[in-house]
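This report refers to the structure that appears directly beneath it.
Remember, predicted model here, so these are calculated numbers, not experimental data.
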Amino acid sequence: MSRLILFPGLGADHRMFSRLKEVGVEFITLPMPEPVAGEGLSEYALRATGPLNLSANDFIGGCSFGSVVATAVSRHVPA
(Lines give C-alpha, C1' and ligand atoms only; values in the text may rest on other atoms or scores of the structure.)
Protein backbone atom coordinates (compact mmCIF):
# COMPACT_ATOMS: atom_id res chain seq x y z
CA MET A 1 0.00 0.00 0.00
CA SER A 2 1.24 3.50 -0.80
CA ARG A 3 1.94 5.98 1.97
CA LEU A 4 2.28 9.75 1.89
CA ILE A 5 4.98 10.84 4.33
CA LEU A 6 5.30 14.57 4.98
CA PHE A 7 7.89 16.46 7.01
CA PRO A 8 6.93 19.82 8.58
CA GLY A 9 9.06 22.92 8.41
CA LEU A 10 11.18 24.28 11.25
CA GLY A 11 9.09 25.53 14.13
CA ALA A 12 6.06 23.59 12.87
CA ASP A 13 4.60 20.14 13.48
CA HIS A 14 2.03 17.72 12.05
CA ARG A 15 -0.74 20.29 12.51
CA MET A 16 0.44 22.20 9.43
CA PHE A 17 -0.88 19.29 7.32
CA SER A 18 -4.10 18.73 9.30
CA ARG A 19 -6.36 20.12 6.56
CA LEU A 20 -5.05 17.75 3.92
CA LYS A 21 -7.35 14.87 3.13
CA GLU A 22 -6.27 11.33 2.41
CA VAL A 23 -6.46 10.34 -1.23
CA GLY A 24 -6.23 6.56 -1.23
CA VAL A 25 -2.94 6.42 0.66
CA GLU A 26 -1.88 6.15 4.28
CA PHE A 27 -1.02 9.66 5.49
CA ILE A 28 1.93 10.00 7.90
CA THR A 29 3.51 13.11 9.38
CA LEU A 30 6.69 12.73 11.34
CA PRO A 31 8.14 14.97 14.04
CA MET A 32 11.53 16.47 13.26
CA PRO A 33 14.16 14.96 15.57
CA GLU A 34 16.59 17.06 17.56
CA PRO A 35 19.86 17.50 15.64
CA VAL A 36 22.93 15.68 16.93
CA ALA A 37 26.29 17.47 16.99
CA GLY A 38 28.42 16.55 13.98
CA GLU A 39 25.51 14.91 12.13
CA GLY A 40 25.22 15.68 8.42
CA LEU A 41 21.99 16.27 6.54
CA SER A 42 21.93 12.75 5.06
CA GLU A 43 22.27 11.11 8.47
CA TYR A 44 19.69 13.45 9.97
CA ALA A 45 17.21 12.78 7.17
CA LEU A 46 17.51 9.01 7.45
CA ARG A 47 17.13 9.21 11.23
CA ALA A 48 14.03 11.38 10.74
CA THR A 49 12.27 8.56 8.88
CA GLY A 50 12.51 6.38 11.97
CA PRO A 51 11.46 2.76 11.57
CA LEU A 52 9.25 3.33 8.50
CA ASN A 53 11.09 0.96 6.12
CA LEU A 54 10.42 3.20 3.12
CA SER A 55 9.79 1.59 -0.26
CA ALA A 56 9.29 2.59 -3.88
CA ASN A 57 5.52 2.72 -3.22
CA ASP A 58 5.91 5.60 -0.75
CA PHE A 59 5.60 9.30 -1.54
CA ILE A 60 7.77 11.72 0.46
CA GLY A 61 7.40 15.46 0.74
CA GLY A 62 7.63 18.37 3.08
CA CYS A 63 7.34 22.08 3.60
CA SER A 64 10.29 24.45 3.94
CA PHE A 65 13.08 22.62 5.81
CA GLY A 66 10.88 19.50 5.65
CA SER A 67 11.27 19.52 1.86
CA VAL A 68 15.06 19.63 2.28
CA VAL A 69 14.83 16.58 4.55
CA ALA A 70 12.51 14.79 2.10
CA THR A 71 14.96 15.45 -0.75
CA ALA A 72 17.85 14.08 1.31
CA VAL A 73 15.83 10.95 2.14
CA SER A 74 14.97 10.41 -1.53
CA ARG A 75 18.67 10.20 -2.37
CA HIS A 76 19.02 7.10 -0.18
CA VAL A 77 15.64 5.40 -0.42
CA PRO A 78 13.75 4.34 -3.56
CA ALA A 79 10.64 6.23 -2.40
Requested in this report: Could you tell me whether the side chain of Thr71 and the main chain of Ser67 form a donor-acceptor pair under 3.5 Å?
Outcome: yes
Query raised in the report: Mind checking whether Leu10 and Val69 sit in one hydrophobic cluster, side chains of I, L, V, M, F, W, Y counted as touching below 4.5 Å?
Result: yes
Query raised in the report: Donor-acceptor pair, Ser55 side chain versus Asn57 backbone, under 3.5 Å?
Result: yes
**Report entry** Distance in Å, Phe27 CZ paired with Ser18 OG, rounded so as to fall on 0.5 Å steps
**Finding:** 8.5 Å
Report task. Under the side-chain contact (heavy atoms from CB on, under 4.5 Å) rule, collect the residues that match up with Leu52, sequence neighbours excluded. Result -> Arg3, Ile5, Ile28, Leu30, Leu54
Report task. Enter the distance from Met32:CE to Asp13:CG here, rounded to the nearest 0.5 Å. Result -> 11.5 Å
Query raised in the report: For Ala72 and Ala45, which heavy atoms make the closest approach, and how far apart are they?
Result: CB-CB, 3.6 Å
Report task. Answer yes or no: is there a side-chain heavy-atom contact under 4.5 Å between His14 and Pro8? Result -> no
Report task. List in chain and number order the residues that pass salt bridge (Lys or Arg N to Asp or Glu O under 4.0 Å) with Glu43, two or more places apart in sequence or in another chain; answer none if no residue qualifies. Result -> none
Report task. Please round to the nearest 0.5 Å and tell me the distance separating atom CZ of Arg75 and atom CG of Leu46. Result -> 11.5 Å
Query raised in the report: Which heavy atom in His76 sits nearest to a heavy atom in Ser42, and how many Å separate them?
Result: NE2-OG, 3.3 Å
Query - From CZ (Phe7) to CZ (Phe17), nearest 0.5 Å - result: 9.5 Å
Query raised in the report: For the atom pair OH (Tyr44) and CD (Glu34), what is the distance rounded to the nearest 0.5 Å?
Result: 7.5 Å
